[in-house]
Protein chains: 2
Amino acid sequence: MAKEKKLVESITSMDEDFAQWYTDVVKKAELMDYSSIKGCMIFKPAGYAIWENIQQELDRRFKETGVQNVYMPMFISEGLLNKEKEHVEGFAPEVAWVTHGGLNSLQERLCVRPTSETLFCDFYKNDIHSYRDLPKVYNQWCSVVRWEKETRPFLRSREFLWQEGHTAHATEEEAQERTEQMLHVYERFCEDVLAIPVICGQKTEKEKFAGAKATYTIEALMHDGKALQSGTSHNFGDGFAKAFGIQYTDKNNELQYVHQTSWGLSTRLIGAIIMVHGDNSGLVLPPKIAPVQAMVIPIQQQKEGVLEKAQELLSTLKGRFRAQIDLSEKSPGWKFAEQEMRGIPVRIELGPKDIEKGQCVLVRRDTREKYPVSFEELCERLEELLSQIQKDMFERAKSFRDSHMSDAYDYAQFKDAVENKPGFIRGMWCGEKACEEKIKEETTATSRCMPFAQEQISDVCVCCGKPAKKLVYWGKAY
Amino acid sequence: MAKEKKLVESITSMDEDFAQWYTDVVKKAELMDYSSIKGCMIFKPAGYAIWENIQQELDRRFKETGVQNVYMPMFISEGLLNKEKEHVEGFAPEVAWVTHGGLNSLQERLCVRPTSETLFCDFYKNDIHSYRDLPKVYNQWCSVVRWEKETRPFLRSREFLWQEGHTAHATEEEAQERTEQMLHVYERFCEDVLAIPVICGQKTEKEKFAGAKATYTIEALMHDGKALQSGTSHNFGDGFAKAFGIQYTDKNNELQYVHQTSWGLSTRLIGAIIMVHGDNSGLVLPPKIAPVQAMVIPIQQQKEGVLEKAQELLSTLKGRFRAQIDLSEKSPGWKFAEQEMRGIPVRIELGPKDIEKGQCVLVRRDTREKYPVSFEELCERLEELLSQIQKDMFERAKSFRDSHMSDAYDYAQFKDAVENKPGFIRGMWCGEKACEEKIKEETTATSRCMPFAQEQISDVCVCCGKPAKKLVYWGKAY
């Protein structure tokens, strides 16, 4: 068992050093690798397969709400980027600039898109004429580039994969409706598919997207008590439309500006899956998103009939489940450790003794519970088990989140919570940026969101003691 | 009918000006638009949906052969690009260079990938150690950038979408097998799904990929008699492995270089679909790739019961077909013209008289034949019809291709064929680059490929008259 131990020992324990544990899991589960281009990552098959499943499921949900996919160029001219003032101030310091095409220098330099509001606006300006052309509900799957100084696998890298939806509407109300609708698509997706509970709410003025009238967010809690912004949806009002001149003639033949939204979710979510569900044996994947849901592992595979029966089990599973078999010459213990490291929700153990009894043994990755199951019942029981794991993983994550949530009524309590109670801190806020800045500077916690589910837990701001306007979820964040 | 005529009249006739016809179809069928970034295109929903269907079907076929998807960074450092001499000479003149990240200039400039051989090599160098790590059969779906001077929608643009497969193998034989295997995946995909017949063969030394030992291609014939290279597969031997130092220890514990391949197919294929199948009414899409396979068009929709019945038909189709209904207030004739422009394979007409007879009328886009069909038989008949259209489109394209193929035995015949017989020209070749160059300079035709199906149609080179070595397909090309 020396080798198996080595595989597991080579991960740092979560409690000892959470950041190192995270990096270890990313590497050992073979999700990602560093490239020789500083700050840019390589998505290896196991990591990319998770993204493919996210794409497939989210894209289906988008299309149910009338979204159409398009693809915009990856370059934005400097002039185009400069059109909306707040937006360019937010992004210009962190874009990559192309200055030469082939052997010639360009007349105007181009940045690699950090996000594509300006490109969609430039397109909508020419494509929208009448109220009949509205709404436009477009989305693209692509990569974007932001020249970050500090990078971490999945969480922050100079290039990352995402989807960005960009819509144009005739009225303010319709834009607001779409902004919230897409946030709720994200919420449902995270909770139902990734088993990650999220807090939905609005960002404060300080934390909103560059150029937006209002930004909404889903915030998840990682196992180390830090929050991760996991998806955002922005209402731009008619700000971009005015900057770019996107107008349509309404039914009364009058010119009107369109109202716009955008919403995005990225490969950062893979980081959330790791940090919400993972444990000291590695990754734990929710069955609905796992590229491999069940791994058949033969035991004493050199004995007659074992491999044949294992292959037979695999065939019964195929088509109904994402199943694989480990036929390598490694020891069963080594295979178990690998399957656990990779976060495969269920392993199916099958040895000569099991075959005698007409059974195999299902082992849950999340709890390690074992269930002997007769061959006849395998499919039915596996389906039940996967659905039970999915449910339990969500409930466990929710209990963790709820038990890492504290209320603070004054600044002393607040500071104590930041230091001693990892997780979200609920505290009232006066609405002043100064308080947010003071809190950030003195505690490193930031306002995560003003939840849709507002409560008045106190009458005064947790920072300055002046009359409170909003309940805010605060926390340290990635 | 004035409006309908206008929509159709606004396309230039193919025979009058093929290039303009092509551009008209691209615009009128709303596949693509120009962006304000010179040479970069916008994929609109109707164009991107075709690409999504290509991706889905091709990706499925890739995975059946053991391909795994990954994602590499979009940037290549200048040092990395320079590692393989022939490769850099082929690509350096046409790459876009990033020189600044945020406000700082970069120490080493980065190009935006024109293709990713160097990135995969850099990765494989660290990831491959033993024969147990082989083969690696990776692919990525992404966009690439080549700073072209002349651009045309889908056929040639500064940024385009594609897939690029990159594999590493223990032996030369295995690499050659994979190179040919993927070419045949492309062949089967083009013929079975896109209804485009292709010639499979090897490129000459002059036409092969920068850095490859051998390049294989599928070549399709467009309606104007020009060839379009529609997919390529390269065997690199161990050239890149030696340049990058990609070695593994074999079973005898000896160090060996890996053998590599790459293969790619791009959004250029959408151009092929347009130019092989389109007609003077617009796009004609093969049913297997059409984003909408059948459009229900109600006639006299203001009459009682028409819309209800049309909606009912749509519901019976949903789930089994990609079907839509046109509920707009346009006239039926206008709707027909739009459906034809968009290339939707079948329209289903339904008016009050049809309802009385318990029928609707299926109209084929490709031949315009009409088939009254009872409501009960609709699904069954539509399925038959779509499969018949798919088959007929392939046969028609194949007849066209075969009737645009001439044999030339000497240079006079060859020149006559280039001028007067649009299509492929079959002619023997001595194997000398000088003859290829002379032919290209004097006739603008190029060697498209040395087909796998070799014949000895003459003993002498069609250009110089010296002893012939290979049968070559020649032609003008995009």
Side-chain angles (χ1 to χ4, degrees), chain A residues 33 35-37 39-49 51-52 59 68-77 79-80 92-106 109-112 119 122-123 126-127 132 138 140 142-143 145-149 157-159 161 267 328, chain B residues 33 35-37 39-49 51-52 59 68-77 79-80 92-106 109-112 119 122-123 126-127 132 138 140 142-143 145-149 157-159 161 267 328:
Chain A
D33 214 335
S35 81
S36 66
I37 311 301
C40 292
M41 311 287 164
I42 292 164
F43 286 75
K44 295 176 79 170
Y48 196 77
W51 183 239
E52 284 185 301
D59 198 68
Q68 293 184 296
N69 285 337
V70 298
Y71 185 77
M72 292 283 158
M74 70 154 80
F75 298 120
I76 306 172
S77 69
L80 198 57
E94 58 174 36
V95 297
W97 290 105
V98 174
T99 56
H100 288 74
L103 306 172
N104 305 313
S105 71
L106 302 180
R109 60 181 191 163
L110 307 172
C111 77
V112 182
L119 292 162
D122 195 40
F123 170 65
N126 300 317
D127 210 51
R132 287 186 203 87
Y138 288 171
Q140 71 177 1
C142 63
S143 81
V145 169
R146 298 178 186 176
W147 220 250
E148 307 275 3
K149 288 206 178 63
S157 53
R158 287 187 169 172
E159 181 186 7
L161 301 172
T267 39
S328 66
Chain B
D33 215 336
S35 81
S36 66
I37 311 299
C40 292
M41 312 287 165
I42 292 163
F43 287 76
K44 295 176 79 170
Y48 195 78
W51 183 240
E52 284 184 302
D59 198 67
Q68 293 185 297
N69 285 337
V70 299
Y71 186 77
M72 291 283 155
M74 70 154 79
F75 298 120
I76 306 173
S77 69
L80 198 57
E94 58 175 33
V95 296
W97 291 105
V98 174
T99 56
H100 288 72
L103 305 171
N104 306 312
S105 70
L106 302 180
R109 60 183 190 162
L110 307 172
C111 77
V112 182
L119 292 163
D122 195 40
F123 170 63
N126 300 318
D127 210 50
R132 287 187 203 87
Y138 289 172
Q140 70 177 2
C142 63
S143 80
V145 169
R146 297 177 187 176
W147 220 249
E148 309 274 2
K149 289 207 175 61
S157 53
R158 288 187 169 172
E159 181 187 7
L161 301 172
T267 38
S328 66

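The sequence lines fix the lettering, A, B, ..., with proteins before strands; numbering per chain opens at 1.
The heavy-atom pair separating B:G101 from A:W147 by the smallest distance is CA-CD1, 3.5 Å. Residues A:S77 and B:I37 share a closest heavy-atom pair of N-CD1, 3.5 Å. Residues A:K44 and B:V70 share a closest heavy-atom pair of C-CG1, 4.1 Å.
A side-chain donor from one of A:Y71 and B:E159 sits under 3.5 Å from a side-chain acceptor of the other.
In this structure, chain B has a heavy atom under 4.5 Å from the backbone of A:E94, while its side chain stays farther away. Proximity to chain B (any heavy atom under 4.5 Å) is restricted, for A:I76, to the backbone atoms N, CA, C and O. Interface remark: A:Q140 contributes no atoms to any contact with chain B (heavy atom separation under 4.5 Å). Residue A:W97 touches chain B through both its backbone and its side chain, counting heavy-atom pairs closer than 4.5 Å. With a threshold of 4.5 angstrom between heavy atoms, A:T99 approaches chain B through its backbone and through its side chain. Looking at A:D127, the atoms closer than 4.5 Å to chain B (heavy atoms on both sides) all sit in the side chain, from C-beta outward. Only the backbone of A:A92 comes within less than 4.5 Å of a heavy atom of chain B; no side-chain atom from C-beta onward does.
For the pair B:S35/A:F123, no side-chain contact is recorded, criterion being any heavy-atom separation below 4.5 Å from C-beta on.
Interatomic distance, CE of B:M74 versus CZ of A:R158, reported as 13.5 Å (0.5 Å rounding). In this structure, B:I42 CD1 and A:D122 CG are separated by 7.0 Å, a value rounded to the nearest 0.5 Å. From A:C40, atom SG reaches atom CZ of B:F75 across 6.0 Å, with rounding to the nearest 0.5 Å.
Ranked by heavy-atom pairs under 4.5 Å with chain A, the first of B:M41, B:M72, B:E52 is B:E52. Between chain A and the residues B:L103, B:N69, B:V95, the largest count of heavy-atom pairs under 4.5 Å involves B:N69.
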